[in-house]
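Quick caveat: nothing in here was measured; it's all calculated off a predicted structure.
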Amino acid sequence: MVKPDVNIFFNKSHYYPGETVKGYVLVEFEKDTRAKSLKIGWGGLLSRRCGRGEVKTSINELPLKETVVWEAENNWNKIPAGEYEYPFRFKLASTAPPTFWTRPCDIQYHVIVKLEKPLWIFNTTHKKEFKVLKGLRLSVETDESDTESERCPNAPPRYDEIDGCSVREPLPPNYEP
C-alpha cells in the first residue's frame, strides 16, 4: 500500500491568541487511491504526565475540529493520482493559552490531515504543530504625576506599563525566533 505524500504549510511561523491561522495542505498521490474521505483538522492539546501515565485532553479554547475536503460517494471511490492543494483557515480564540513545554504539562496546537480508508486500520494521519505565543497587552494609562508637557500622548509605554511581560520567563526547547 502506497501512502500519500502530505505537506502542511503555514503563512507565518507563529500566531497570537485571536489571530487567524492560514495555510494549505499539499497532498500527492502516486497512484489512484481508494478512500472514504480526506479531512483537514486543527486543535489544541493539553498533555499531562502523572506518574507513569499520560493524560491528553482537548484545550477548551480550541477543540479538535475537522473539515472534509474530499468524500467518496461510496466506500469504493478512488482519489485519482496527482497533486492536490487544499487551503485552510481558522481563528484562534482570544483566550487560547500559549504553546508551552514542561515536564509535567505540554500545550500544543496542530493541523492534522487524515485520509480515511474503507478499512479503518489503513487510515493515514499526518500532523504538523504550529506555535501560539503569549501576546503582550500594552497599557498606556497616564500617571497623575505626568503632565501633558512632560509626556507625549503618542509616546511608547514605559517598561513598568507593560502588563504580562517578564524577561525571566524560560524559553521553550527548540525555540525559533
Side-chain angles (χ1 to χ4, degrees), residues 1-50 52-102 104-135 171-177:
M1 179 177 80
V2 178
K3 294 184 179 183
D5 185 27
V6 178
N7 292 295
I8 302 169
F9 300 94
F10 297 99
N11 68 326
K12 293 171 55 176
S13 63
H14 59 274
Y15 299 90
Y16 293 97
E19 280 192 315
T20 299
V21 177
K22 297 179 195 174
Y24 64 95
V25 173
L26 194 60
V27 184
E28 186 176 358
F29 294 94
E30 289 183 15
K31 62 180 188 173
D32 293 356
T33 303
R34 184 174 292 132
K36 290 170 80 173
S37 65
L38 182 65
K39 298 177 180 180
I40 299 175
W42 52 88
L45 189 65
L46 170 63
S47 303
R48 290 176 281 179
R49 287 172 281 293
C50 306
R52 294 183 185 204
E54 183 173 20
V55 178
K56 294 184 178 190
T57 57
S58 179
I59 296 173
N60 293 339
E61 287 82 357
L62 191 62
L64 181 64
K65 297 176 185 172
E66 290 182 330
T67 299
V68 177
V69 294
W70 182 88
E71 189 168 31
E73 292 176 18
N74 60 43
N75 285 350
W76 301 105
N77 285 49
K78 291 185 177 183
I79 298 176
E83 190 173 279
Y84 301 90
E85 185 177 310
Y86 301 102
F88 62 84
R89 71 185 288 145
F90 56 92
K91 186 171 177 141
L92 291 170
S94 59
T95 56
T99 301
F100 188 72
W101 301 276
T102 63
C105 174
D106 294 340
I107 296 175
Q108 298 172 325
Y109 296 90
H110 49 268
V111 169
I112 300 172
V113 178
K114 190 185 309 181
L115 178 65
E116 293 184 336
K117 302 283 203 130
L119 294 173
W120 65 270
I121 56 173
F122 295 114
N123 288 351
T124 305
T125 303
H126 296 271
K127 185 189 302 189
K128 186 168 182 181
E129 184 178 350
F130 62 93
K131 294 180 181 93
V132 175
L133 302 181
K134 182 177 179 180
L171 293 175
N174 303 327
Y175 174 76
E176 297 175 13

Going from [atom1] on [X] to [atom2] on [Y], what distance comes out if it is rounded to the nearest 0.5 angstrom?
X      : Y      : atom1 : atom2 : result
Lys36  : Lys117 : NZ    : NZ    : 12.0 Å
Lys128 : Ile112 : NZ    : CD1   : 14.5 Å
Lys127 : Leu45  : NZ    : CG    : 6.5 Å
Tyr109 : Tyr15  : OH    : OH    : 14.0 Å
Leu38  : Glu71  : CG    : CD    : 11.0 Å
Ile8   : His126 : CD1   : NE2   : 8.0 Å

Decide yes or no for [X] and [Y]: does some side-chain heavy atom of the first lie under 4.5 Å from some side-chain heavy atom of the second?
X      : Y     : result
Val113 : Tyr86 : no
Trp70  : Asn77 : yes
Thr99  : His14 : no

Worksheet item: For Leu115, which of Asn123, Thr125, Val6, Ile79 qualifies under side chain to side chain contact (heavy atoms under 4.5 Å, CB included)?
Response: Ile79

Give me the atom names and distance for the closest heavy-atom approach of [X] to [Y].
X      : Y     : answer
Glu66  : Lys39 : OE1-CD, 3.5 Å
Ala81  : Glu30 : CB-O, 3.7 Å
Val132 : Pro97 : CG1-O, 4.0 Å
Pro118 : Ala35 : CD-CA, 4.1 Å

Worksheet item: Does the Ser94 side chain pair with the main chain of Pro17, one donor and one acceptor, at a distance under 3.5 Å?
Response: no

Worksheet item: Between the main-chain N or O of Asp32 and the side-chain N or O of Lys78, is there a donor-acceptor pair closer than 3.5 Å?
Response: no

Worksheet item: In a check of ring-ring contact (aromatic ring centres under 6.0 Å, His included) between Trp42 and each of Phe130, Phe88, Phe90, which one passes?
Response: Phe90

Worksheet item: Is Glu28 atom CD crowded by more than 12 heavy atoms from other residues, nucleotides or ligands, each under 6.0 Å away?
Response: yes

Practice prompt. For Lys22, look at atom NZ and say whether over 12 heavy atoms of other residues, nucleotides or ligands are found less than 6.0 Å away.
Written response: no

